[in-house]
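Numbers restart at 1 for each chain; the letters A, B, ... are given by sequence-line order, proteins then strands.
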Amino acid sequence: MKLEKGIPLIDQHDENGYWGGKFGGNQIAESLNYPIEELTREFEKLRNDETFISERDYYFKNFVGAPTPFIKLENLTKHLGGAQIYCKLVSKATGGAHKAYNAVVHSLICKRLGKTYIGGDTGAGYAGKMLSMAAAKFNLKCKIFMGAKDVERQSINVFSMRSYGAEVIPVNSGSQTLVDAVSECMRWWTSENEEAHMCVGSTVGPTIFVKICAWSTAQISREMKKQVMDEFGEVPKDMKLINCVGGGSSAAGFWNEWIDYDNIELIGVEAGGPEGSSKHAAPLTNDSRIGVLHGATQYVIQDDQGEIEETESISAGLDYPGVSPLHCFLKETGRARYTSASDEEALEAFQLVSKNEGFVSPSLEPSHAFAEAIKIAPKLSKDTIIVVDSCGDSAKDSKIIAERLGYKI
Amino acid sequence: MKLEKGIPLIDQHDENGYWGGKFGGNQIAESLNYPIEELTREFEKLRNDETFISERDYYFKNFVGAPTPFIKLENLTKHLGGAQIYCKLVSKATGGAHKAYNAVVHSLICKRLGKTYIGGDTGAGYAGKMLSMAAAKFNLKCKIFMGAKDVERQSINVFSMRSYGAEVIPVNSGSQTLVDAVSECMRWWTSENEEAHMCVGSTVGPTIFVKICAWSTAQISREMKKQVMDEFGEVPKDMKLINCVGGGSSAAGFWNEWIDYDNIELIGVEAGGPEGSSKHAAPLTNDSRIGVLHGATQYVIQDDQGEIEETESISAGLDYPGVSPLHCFLKETGRARYTSASDEEALEAFQLVSKNEGFVSPSLEPSHAFAEAIKIAPKLSKDTIIVVDSCGDSAKDSKIIAERLGYKI
Amino acid sequence: MTSSTLIKSFERAKEDNRAALLTYTVGGDPDKKTSLNIFKSIADSGVDIIECGLGHGANIGDGGAIQDSTYRALSNGIKTNDIFEIIEEFKKDYETDVIIMTYQNKIMAYGEDDFLKRCISSKVSGIICVDWPWPLNLDFAKKCKENSIVFIQLLCPTTNEDRLKSILNDAHEVVYYISMLSTTGQKLKVSSDEIKKRFNLIKKISPHKKCIIGFGITADTINDFKDTDACVVGSALCREITRSIDEELNPATNVGNMVSDLKQKLSS
Amino acid sequence: MTSSTLIKSFERAKEDNRAALLTYTVGGDPDKKTSLNIFKSIADSGVDIIECGLGHGANIGDGGAIQDSTYRALSNGIKTNDIFEIIEEFKKDYETDVIIMTYQNKIMAYGEDDFLKRCISSKVSGIICVDWPWPLNLDFAKKCKENSIVFIQLLCPTTNEDRLKSILNDAHEVVYYISMLSTTGQKLKVSSDEIKKRFNLIKKISPHKKCIIGFGITADTINDFKDTDACVVGSALCREITRSIDEELNPATNVGNMVSDLKQKLSS
Ligand SMILES: Cc1ncc(COP(=O)(O)O)c(C=O)c1O
Ligand SMILES: Cc1ncc(COP(=O)(O)O)c(C=O)c1O
């Protein structure tokens, strides 16, 4: 399995949609073949269409709020006393996370397809919230599928989605969480694809969804490259880019422009779950078995029957049993290194970063990435630049964090 | 009482700190005379100090996230069918509101004063949260005063402040809300001013605090002026700028650069409270009596004994019995027009805007401003430009709104 | 060769001047013993071919009724091996053909080759894999053929003519036409005539392939399809199992009665 | 002229070779009748001058103990007129001077001129207004003077020498030195010596003005100040009122006892 240089990562799949001949693909019902072909065709056209690109850029700038800041964490660097720690503050994007890029692009595509209805999955509620926002903006009818358990525990987000006019469908099957929401969303699309477009909330699902999502989040590294050049005048010799990995859309976007730079280390951090537990949402770190989930081949947390196993993580956004084919590919080619952080480590990282930096208050997902940075920074020299993607804002996690830290809320 | 052209509004006070010879001033205990003189001297130096200005601009850009978007609300405009409605999306500033500008500036001043300790008041928690964030960033010890009732009902924000390392002091006196928090903060500063700096969370308090705060939020109209020129190529002939007014910091910043343009109408919207109630937080609209509150002369909601009356508004941020001397001055000179919106009107405006626009989900404070826009827009011509300052994000109000709209949260 | 028996089942129905009747129920629902009884009862009631679901939790094609059956089986601990054992047991007493309908991950987790071996040993006649579309499935289909198991390709209303022809060209003796864009168990949202138009197109391209029509067929509409090759009723039966369990009735008996009724409607 | 009686009170203490004793309690706390009794009891216990707080909810200078008294009075419905009535009643039987200590908004709300008229009719000797600093207060101070009421300017440790001189230049016969940067009722955080140093500076600049020292003085430290002009004890008394009310004792008696004790300490 080999990574090519000079070719966008999202295009390094074979004719069947497999990266490295193995990960991804379109393992879908025949009823989805046509809409997926249609979408694939349309996307290939649009990504080369200047009007579309400038439309995308307009909304990225004016609604998502590009560029998000790239800043040095002076206090944290001093505190850890090793590598210089920088941060890409993607949490300042509209809605507080990177999910807005994908939501905007899918909404624009939906309009181009002449469809007036869009549906999407959501776990913690970020993807759904941002899709609802975009849908309201672009005058699209919107349906969000969400596990019934998540509907209960993320009720504030459910309310937001509804206030943007979206219909929120609680999914009662299986574990009643994200994995089931995605399944149900795909089932819905199977029925409605003549009228409706589907947005998958991360770089998972059939190949075209992986591609669109990563193409959207690539904005993160595109704007960051300029910021890095402004800051250092050149690409630093020794740079490490650390990102949490759930589905993998944030990491894919954060790394996209840097993949051809061999001297830049890419580190993905999965959710290790509570210390002592074995229900990790860390398919790459745990070398779980390859399987098919939501239409694509990938590492999947599953039992010997091929049944998806329940995962457990303090961070709702990382609590997914599969992982993007892109990351499976980056792992097998050795281009990226994957590791995990436990719930406890993420919590500690959250506290250390918030207290030291103030402006950077990572949600629990990027707190996993910070945990790794905190682990390795002290051992590294001042010439090493660590950049952490702080891809989510802690606001959504206040309640969970407060309870864990023993505050009365 | 007369407004001068060519002189910044914040400088149009007399030697005793009174705007129009009447509003503002320094009605403080003798123990605060020295620190206020010191701060006044220092601020006059700093606002002319290029290094300081570029430091301010650096943090406005990189942390607060300037410029915030200026966008047309196409869907709402179409829906209302009259004036063209634009929106300055200040809610995209760090922390979700304009309070970050003042927090950053005060933190920078605190450092320049050689002080390592900063304290501030907060009502709903915005001002306190952003001051805690800034304090963490700039390595300052931080104390936030908050009414005990607000501590209870805004517990998530209390937790945030604590996670940024701030000490949150519940204030048990009086109504246990913002008005008491400000009083207590001033008492604290009376004791600690040799070591500590104080940040007042809005354009209220002694003259110098009004000035610093409005000077900070002026960033809003400074950046917006460019955006208006980009959009229209000139200053539109018929433009109305609508802003909610609590303490008045947001409106002061939104209007600052436009005050000399007589053709631009400035409309301030106060909190009219629940329909049928008389406990309005609308001192300007209700022509309440002039009094002294928190060190400055202004319109104050008070009884015939000079005791502050409890106000009532669905929006925590507008629930303040006084109002900035700047706005008293703008009202008496006739430069700005003030009106109010009821809780119910604000809620309706929130729904209409969210559903139509998606990306713009105003908190309850700017929902008051939108209510006025919705009221007047249909009667106006297409040549009229209405700009609403959407100065807060609804996230903080989800619970309140959901409950009011009958969602189960 | 089991595959030849499968074709014979179709031909027998044709001789009766009617379409073959297929049932879909989830193997192991609600438990091994009951499931075996249900199959026996279905067979006794005159079904031509049994489709046995090897349920998958993270499926993306099942409607609510079949999901309920699947979760019942899975949460009762039913494993892939149990399904094979049920079929093996069933085939000891019955000639009725059994087709497995499943999802790719179930086959992968078992191992493709092991899966086929076990199909043979338990006398499975064919395999339908919902999320393994043409042409990705060709290698596996070939292996099936080598083992005399029919791999049943799926077609649907939006399969364009080129693709239709290519799939039919690669297809084994039997194909499956998904009557409408939907998951299983939804109301028929296209007319029977429209379905038959597509069915006829398929038959025109491949006159000798048997084409099963599925999705949305119930006792109300089954008669419309008597002059096709075959049709499947699934969700209605799964719902009946659920109802029987909820009301503590005997699911085997009730499902059997339903099948008799369907058979009669198809024959009249 | 009431103002002349105020000066006499200071002079009488000086003749005793001690500082004058002032008490601060909140007028109307907890109600009109009890408050009057407290004042009487304080007077009977030998106080030289009574400071009567006209409490304000949105005050920015009161510590916790005085706030408690203020809120008790306000929530019992005490109005500005009630305070004047208490003082008027008190002055019917007592010669002891009474000074009002309040905040500007209370005076504004009553009306400056009405306020002064009522001060005169109820025989108030002086006014301290915490949040009405020099020079903003000069117009009002002038009006006070015209009505023979002493407007008492405030000074503090960070009042620089220029300002100190200007204030003293404009001040009436009596000034008030805030001993430390704090609200009322906090622990004395500077040494008595340091306070006396500032006191002496004030006296050097204005030898003929009487200077009251306030903030942080209790029974423990009062003796340190016997050779100054006057000192105030406030929070300790307010706390005693609160304690008496909480324990259902007679606040007038208890506060009186406390004052006797303070007077003795100041005299010994
Ligand atoms: C803040 C944040 N980070 C990360 C993730 C994980 O998703 P992905 O790995 O696709 O970025 C989520 C998902 O909701 C998220 O909200
Ligand atoms: C979003 C928002 N808008 C407005 C206000 C009112 O304050 P001001 O009038 O000073 O802008 C607040 C205060 O908390 C606020 O949070």
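- Taking the ring pair (Phe, Tyr, Trp, His ring centres under 6.0 Å) definition, one finds that C:Tyr24 meets it with nothing, sequence neighbours left out.
- With chain C as the partner, the residue from A:Glu30, A:Arg289, A:Glu37 showing the most heavy-atom pairs under 4.5 Å is A:Glu30.
- Using bins of under 30°, 30° to 60° and over 60° for the plane-to-plane angle, the ring pair A:His294/A:Tyr320 lands in the parallel bin.
- Within the 4.5 angstrom heavy-atom criterion, atoms from both the backbone and the side chain of A:Arg187 approach chain C.
- Residue with the most contacts toward chain A among C:Ile178, C:Leu136, C:Asp68: C:Leu136 (heavy-atom pairs, distance under 4.5 Å).
- The parts of A:Ile290 that come within reach of chain C are both its backbone and its side chain, each placing non-hydrogen atoms under 4.5 angstrom from that chain.
- Contact annotation for A:Asn172: neither backbone nor side-chain heavy atoms come within less than 4.5 Å of a heavy atom of chain C.
- Side chain of C:Lys209 to backbone of C:Ala171: a donor-acceptor contact under 3.5 angstrom is found.
- With chain A as the partner, the residue from C:Leu155, C:Thr80, C:Asn105, C:Asn59 showing the most heavy-atom pairs under 4.5 Å is C:Asn105.
- For A:His197, the ring pair (Phe, Tyr, Trp, His ring centres under 6.0 Å) partners two or more places apart in sequence, or in a different chain, are A:His106.
- Contact residues of residues 70-79 of chain C toward chain A are C:Tyr71, C:Leu74, C:Lys79 (heavy-atom distance under 4.5 Å).
- Taking the six-membered ring for Trp and the full ring otherwise, A:Tyr117 and A:Trp188 have centroids separated by under 6.0 Å.
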Evaluation steps, ring pair (Phe, Tyr, Trp, His ring centres under 6.0 Å), between C:Phe84 and C:Tyr110
CA-CA 12 Å; C:Phe84 284 123; C:Tyr110 202 91; 5.6 Å; yes

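- Partners of C:Glu89 according to the side-chain contact (heavy atoms from CB on, under 4.5 Å) rule, which considers only residues two or more places apart in sequence or in another chain, are C:Leu36, C:Lys92.
- Between the C:Lys106 side chain and the A:Gln305 main chain, a donor and an acceptor come within less than 3.5 Å of each other.
- Between the A:Ser277 side chain and the A:Lys279 main chain, a donor and an acceptor come within less than 3.5 Å of each other.
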